[in-house]
**Student:** 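Quick one: this structure, given as C-alpha cells, is what I'll be asking you about.
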Amino acid sequence: MVRVRFAPSPTGPLHIGGVRTALYNYLFARQQGGKMILRIEDTDQTRFVPGAEQYIIEAFQWLGIEFDEGVHIGGPYGPYRQSDRKALYRQYADQLLAGGWAYYAFDTPEALDAKRKEYEAEKKTFQYDCTTRLGMCNSLALPADEVQRRLDSGDPYVLRFRFPENTDITVHDLIRGDVTMNSRLLDDKVLFKSDGMPTYHLANIVDDHLMEITHVIRGEEWLPSAPLHIMLYEAFGWQAPQFAHLPLLLKPDGNGKLSKRDGDRLGFPVFPLEWHDPKSGETSNGYREQGYLPQAVVNMLALLGWNPGNDQELMTMDELIRLFSIEHISKNGAKFNLDKARWFQHEYFQQLSDDTVADMLDTQVKSHGIEAPHEYVVKVASMMKERITFPGELWDTCSYFFQAPTEYNEKDVAKRWQPGMEGHMAKVIEILETVPFEYDALHQALLEDYIKANQLNTGAIMNSLRLAVVGRTVGPDMLTLVLMLGKDEVIRRIQRAIETIGN
RNA sequence: GCCGCGUUCGUCUAGUUGGCCCAGGACGUAAGAUUUUCAUUCUUAAAAUCGCGGGUUCGAAUCCCGCACGCGGUACCA
C-alpha cells in the first residue's frame with residue numbers, strides 16, 4: 001500500500017511550489033490507490049505563525065487536493081502534528097545514542113558562531129564533522145566523567161549524528177537515479193535540540209517510519225540531506241522509503257527560486273490563497289482572490305515539471321491522476337510563466353456553464369444596485385463569456401447591458417465621431433422609431449437602405465452608434481445589442497450622446 | 001570554497017532501447033482570414049547549429065570524457 005505525505009512547516013502561507021509538491025504526492029497516491037497524509041512539521045517553535053496551519057488546510061480544500069489522514073481529520077497513525085508527538089522522539093534519540101550513532105554536544109551557539117567566524121577569516125568554512133568534532137565540546141572529545149558532570153548539572157546540550165568516516169552513501173532517487181555522496185563531506189547534523197525538540201531530520205525519519213510512508217516526494221532542496229536520512233534509517237535498522245526529489249519552481253525572469261518578492265514585482269500570486277501576515281500586517285495576493293479557478297491552477301501546476309508524455313495539456317484532476325507518472329517528471333527547474341497560467345485560466349473559464357457565469361455576473365450587477373431579470377443576465381453571460389478570463393472582468397465588459405454609459409472614451413470619440421455624425425445618429429433614431437424592431441428589418445433599413453445606398457462608411461456609422469450605446473468601440477454584434485437593450489433605451493442613449501459629444 | 005543537481009525555440013516541454021528529428025506540441029509573438037468594432041475562432045509564419053569542446057559510431061539531442069554556466073545545500077530552519 002502506497003502511503004505518501006505532504007509535510008509543510010506552518011511558518012506562513014503555503015508557497016505555490018509547495019502546492020505543486022503536494023499535488024504530485026496526491027496524484028501519485030490516488031493513482032496507486034494509496035493514502036495521502038498531511039503532517040505538520042512544527043519542530044521549530046520560534047518560527048510558529050498563527051493561522052498558517054489553518055491556511056494550509058483551507059488552500060488544499062479550495063484546490064481539491066484531499067487527504068486521507070492528517071492534522072485536520074485525524075487517522076490511525078496520529079497525532080499528525082510534530083509538536084503533539086514531542087514525547088515520542090526522545091526514545092529514538094536515546095536509541096541512536098546507545099548505538100553510538102549520536103553524541104552529546106555542549107557547544108553553545110556563541111561558541112559555534114565564533115568558530116565559524118574564525119574559519120571565515122581564513123577563507124574557510126567550518127563544518128562540524130569527523131575532522132573537527134574531536135576539537136569541539138562534546139561527548140566524543142570530553143572525558144566521560146566530564147560529560148556526566150555536565151549532564152548532571154543540567155548543562156544545555158544537543159544531540160548530533162555521528163557520521164561514519166569515509167563511506168559512500170547512495171540515494172536511489174526515482175527522478176535522478178543514483179546520487180552518491182561521501183560521509184566525509186557531510187556534517188554531523190543536530191538531531192535533537194537543546195529545547196527538547198527534535199530537528200526536522202530526526203522527526204521526519206521517525207514519523208515517516210511510524211506512519212509507514214512508502215514514498216517521499218519532496219523538493220530538490222532536500223537532496224543534499226538525503227544521505228543523512230538514509231543513514232538514519234540504517235542506524236535504526238529500518239527500511240527506508242523510496243525518494244523522489246522534485247525540481248524547483250524558478251522565477252519567471254532570471255534564475256533562482258520563485259519567491260514572494262517575484263510575485264509582488266511581476267504582479268502575480270505565489271500563494272494559493274490571500275494571506276494576511278499577523279506580524280507585518282501586510283497582505284499577499286492569492287490565486288483564489290485573483291479569480292483563478294482551482295482546476296486551472298491545478299492543471300497549470302501539474303504541467304510545471306511534469307508532462308503526460310504526449311501533447312495533451314488540458315487535463316482534469318481525474319485525468320491527471322490517471323496519467324501521472326514519476327518517470328515523466330523532469331529533472332530541471334521550471335520557470336513560472338504568467339501568460340501560460342492566464343491561458344489555462346481562460347480555458348477553464350470557458351468551460352463554466354452559462355448559469356455559473358451568470359451567477360457571478362448577477363452578483364456584480366446587484367452590487368451596483370441594479371436588478372436585472374435572470375434570463376437577461378444568463379443571455380449576457382453566454383454572449384460575453386468567451387472574451388473573459390477572470391470573473392472580475394465581468395462587470396467591466398458587460399456593464400453597458402445594464403446601465404447607460406456615463407462617459408465616452410476620448411480616443412474612440414476622436415477617432416469615430418466625425419463631423420456631422422450627430423445628423424447620422426438622428427437618422428438612426430428615426431429608423432429605430434419607424435422600422436419594425438427586429439433583426440432583419442433593422443439590418444435592411446440601417447445597413448442596406450441607409451448606409452450602403454447612400455455610400456456611407458459602414459465602419460464609421462456603426463462605430464459611432466456603438467460609441468453612443470456602449471461608451472467605447474468594443475462589444476458584441478451591434479444589432480443584437482440594440483435588440484437586447486430595447487428600442488427606448490437605445491434611443492435615449494443615442495440622444496444623450498448627441499447632446500454630450502455634440503459635434 | 002566544498003558537495004550535489006541541472007543545461008532542447010523567449011517560456012513550459014516531446015524526444016526514454018542512438019537512425020522515422022536539417023528536432024514535434026503548447027504559451028507568447030507576428031501576419032492573414034472572419035466580424036460594422038473589440039474579443040473569440042481559424043490559418044500561416046518566425047523562433048532551438050539540442051550549453052561549449054572533444055571522443056565512440058556508418059550514424060548522436062540521445063553513449064563517454066572534459067569544460068563552462070545556472071541552481072540547490074553547506075543553521076540548535078524546515
Side-chain angles (χ1 to χ4, degrees), chain A residues 7-11 41-44 46-47 105 107-109 112-113 116 119 123-129 156-160 171 173 175-176 179-182 184-187 189-195 197-201 203-204 218-227 245 247-248 250 252-257 300 303-314 327-328 330-344 346 350 384-388 397 412 416 446-447 451 457-467 470 472-479:
Chain A
S9 86
T11 53
E41 311 229 318
D42 57 346
T43 51
D44 187 353
T46 64
R47 293 214 303 162
D107 316 87
T108 62
L112 254 15
D113 211 41
R116 289 196 187 96
Y119 270 65
K123 288 200 167 182
K124 287 194 285 187
T125 306
F126 172 71
Q127 186 167 280
Y128 210 120
D129 59 21
Y157 65 86
V158 301
L159 259 30
R160 283 183 182 272
V171 182
D173 188 89
I175 296 170
R176 289 154 218 286
V179 177
T180 303
M181 285 176 239
N182 193 286
R184 172 170 21 98
L185 286 341
L186 271 9
D187 66 328
K189 278 272 175 319
V190 171
L191 299 177
F192 209 84
K193 300 184 273 189
S194 57
D195 66 358
M197 281 293 263
T199 59
Y200 165 84
H201 301 292
N204 157 265
R218 74 221 307 196
E220 194 186 357
E221 67 269 27
W222 293 109
L223 190 53
S225 50
H245 290 94
L248 264 20
L250 274 21
D253 56 344
N255 294 303
K257 261 207 286 196
M300 179 265 294
L303 252 26
L304 232 39
W306 170 83
N307 72 83
N310 55 38
D311 291 341
Q312 193 180 356
E313 297 207 280
L314 260 11
E327 297 76 61
H328 274 110
S330 46
K331 295 179 175 66
N332 49 314
K335 283 184 187 170
F336 178 86
N337 188 278
L338 182 59
D339 283 325
K340 194 75 180 237
R342 292 179 59 94
W343 176 76
F344 275 112
H346 185 259
Q350 299 318 307
M384 304 299 283
K385 190 174 81 177
E386 67 184 12
R387 58 185 74 205
I388 286 162
T397 45
D412 291 337
R416 294 299 191 182
L446 185 58
L447 277 302
I451 296 176
N457 183 329
T458 310
I461 305 290
M462 294 305 280
N463 276 305
S464 297
L465 175 57
R466 187 179 296 280
L467 186 57
V470 174
R472 286 173 288 177
T473 55
V474 298
D477 175 70
M478 198 55 224
L479 291 183

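To find a chain, count down the sequence lines: A is the first, B the second, and so on, and within it residues start at 1.
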**Student:** Mark yes when over 12 heavy atoms from residues, nucleotides or ligands other than A/Arg342 sit less than 6.0 Å from its CZ; otherwise mark no.
**Tutor:** no
**Student:** Please name all residues satisfying side chain to side chain contact (heavy atoms under 4.5 Å, CB included) with A/Asp253, sequence neighbours left out, ordered by chain then number.
**Tutor:** A/Lys251, A/Arg265, A/Leu266
**Student:** How would you label the contact of A/Lys385 with the nucleic acid (heavy atoms, under 4.0 Å): base, sugar-phosphate, or nothing?
**Tutor:** nothing
**Student:** Base, sugar-phosphate alone, or nothing: which one does A/Met181 contact when heavy atoms must sit under 4.0 Å apart?
**Tutor:** sugar-phosphate
**Student:** With rounding to the closest Å, how many angstrom separate the C1' atoms on B/U7 and B/A61?
**Tutor:** 12 Å
**Student:** Taking only the C1' atom of each, what is the distance from B/A33 to B/U49 in whole angstrom?
**Tutor:** 35 Å
**Student:** Going by heavy atoms in the side chains, are A/Glu221 and A/Leu248 under 4.5 Å from each other?
**Tutor:** yes
**Student:** Using the C1' atom as the point on both nucleotides, what is the distance between B/G70 and B/C52, in whole Å?
**Tutor:** 14 Å
**Student:** Contact class for A/Asn204 (heavy atom, under 4.0 Å): base, sugar-phosphate, or nothing?
**Tutor:** nothing
**Student:** Considering only heavy atoms from C-beta outward, does the side chain of A/Arg416 approach that of A/Ser464 to under 4.5 Å?
**Tutor:** yes
**Student:** Distance between the C1' atoms of B/G28 and B/C9, in whole angstroms?
**Tutor:** 12 Å
**Student:** Provide the distance between the two P atoms, one in B/A23 and one in B/G51, to the nearest whole Å.
**Tutor:** 15 Å
**Student:** Which part of the nucleic acid does A/Pro476 contact within heavy-atom distance under 4.0 Å: base, sugar-phosphate only, or nothing?
**Tutor:** base
**Student:** What contact category does A/Gly305 fall into here, base, sugar-phosphate, or nothing, at under 4.0 angstrom with non-hydrogen atoms?
**Tutor:** sugar-phosphate
**Student:** Let's test this: given Watson-Crick or G-U wobble pairing with both distances under 3.5 Å, identify the partner of B/G73.
**Tutor:** B/C2
**Student:** For B/U62 and B/A48, measure between their C1' atoms and round to the nearest Å.
**Tutor:** 16 Å
**Student:** Under 4.0 angstrom, heavy atoms only, what part of the nucleic acid is A/Thr180 near: base, sugar-phosphate, or nothing?
**Tutor:** sugar-phosphate
**Student:** Quick one: look up who B/A39 pairs with, Watson-Crick or G-U, both distances under 3.5 Å, and put none if it's unpaired.
**Tutor:** none
**Student:** For A/Arg184 and A/Gln127, which heavy atoms make the closest approach, and how far apart are they?
**Tutor:** O-NE2, 4.4 Å
**Student:** Using the closest heavy atom to pick a nucleotide of RNA chain B for each, name whichever of A/Lys123 or A/Ile175 lands nearer the 5' end.
**Tutor:** A/Lys123
**Student:** Can you tell me the base-pairing partner of B/C20? Count Watson-Crick or G-U wobble geometry only, both distances below 3.5 Å, and say none if there is no partner.
**Tutor:** none
**Student:** Should B/U7 form a Watson-Crick or G-U wobble pair with both distances under 3.5 Å, which nucleotide is its partner?
**Tutor:** B/A68
**Student:** If the condition is salt bridge (charged side-chain N to carboxylate O under 4.0 Å, His left out), which residues does A/Arg472 pass it with, not counting sequence neighbours?
**Tutor:** none
**Student:** With both distances under 3.5 Å as the test, what is the Watson-Crick or G-U wobble partner of B/U44?
**Tutor:** B/A30
**Student:** How far does the P atom of B/C64 sit from the matching atom of B/U11, given to the nearest Å?
**Tutor:** 26 Å
**Student:** Contact boundaries of RNA chain B with chain A (under 4.0 Å, heavy atoms), 5' to 3'?
**Tutor:** B/G1 to B/A78
**Student:** Name the nucleic acid region contacted by A/Arg342, choosing base, sugar-phosphate or nothing; use a 4.0 angstrom heavy-atom cut-off, strictly under.
**Tutor:** nothing
**Student:** What does A/Arg116 touch in the nucleic acid at a heavy-atom separation under 4.0 angstrom: a base, only the sugar-phosphate, or nothing?
**Tutor:** sugar-phosphate
**Student:** When rounded to the nearest 0.5 angstrom, what is the spacing between OG1 in A/Thr473 and CG in A/Asp412?
**Tutor:** 3.5 Å
**Student:** Between A/Trp222 and A/Tyr200, what is the ring plane arrangement, given parallel below 30°, perpendicular above 60°, and tilted in between?
**Tutor:** parallel
**Student:** Could you please name the partner base of B/C50, counting Watson-Crick and G-U wobble pairs only when both distances are under 3.5 Å?
**Tutor:** none
**Student:** Across the strands shown, which category fits A/Val158 at heavy-atom distances under 4.0 angstrom: base, sugar-phosphate, nothing?
**Tutor:** base
**Student:** Considering every strand and a 4.0 Å limit on heavy-atom distances, what is the contact class for A/Arg466: base, sugar-phosphate, or nothing?
**Tutor:** base
**Student:** Take atom C1' in B/A14 and the same atom in B/C76, then report the distance between them in whole Å.
**Tutor:** 47 Å
**Student:** With heavy atoms under 4.0 Å as the rule, sort A/Thr397 into base, sugar-phosphate or nothing.
**Tutor:** nothing
**Student:** Under 3.5 Å for both donor-acceptor distances, Watson-Crick or wobble: does B/U56 have a partner, and if so which one?
**Tutor:** none
**Student:** NA contact type, A/Asp477, heavy-atom cut-off 4.0 Å: base, sugar-phosphate, or nothing?
**Tutor:** base
**Student:** Over all strands shown, is A/Leu465 touching base, sugar-phosphate only, or nothing at heavy-atom distances under 4.0 angstrom?
**Tutor:** nothing
**Student:** Would you classify A/Thr458 as touching base, sugar-phosphate or nothing, given that sugar-phosphate means primed atoms plus P, OP1 and OP2, and contacts are heavy atoms under 4.0 Å?
**Tutor:** sugar-phosphate
**Student:** Can you tell me how far the CZ atom of A/Arg160 sits from the NZ atom of A/Lys189, to the nearest 0.5 Å?
**Tutor:** 8.5 Å
**Student:** For B/U62, which nucleotide in any strand shown is its Watson-Crick or wobble partner with both distances under 3.5 Å?
**Tutor:** none
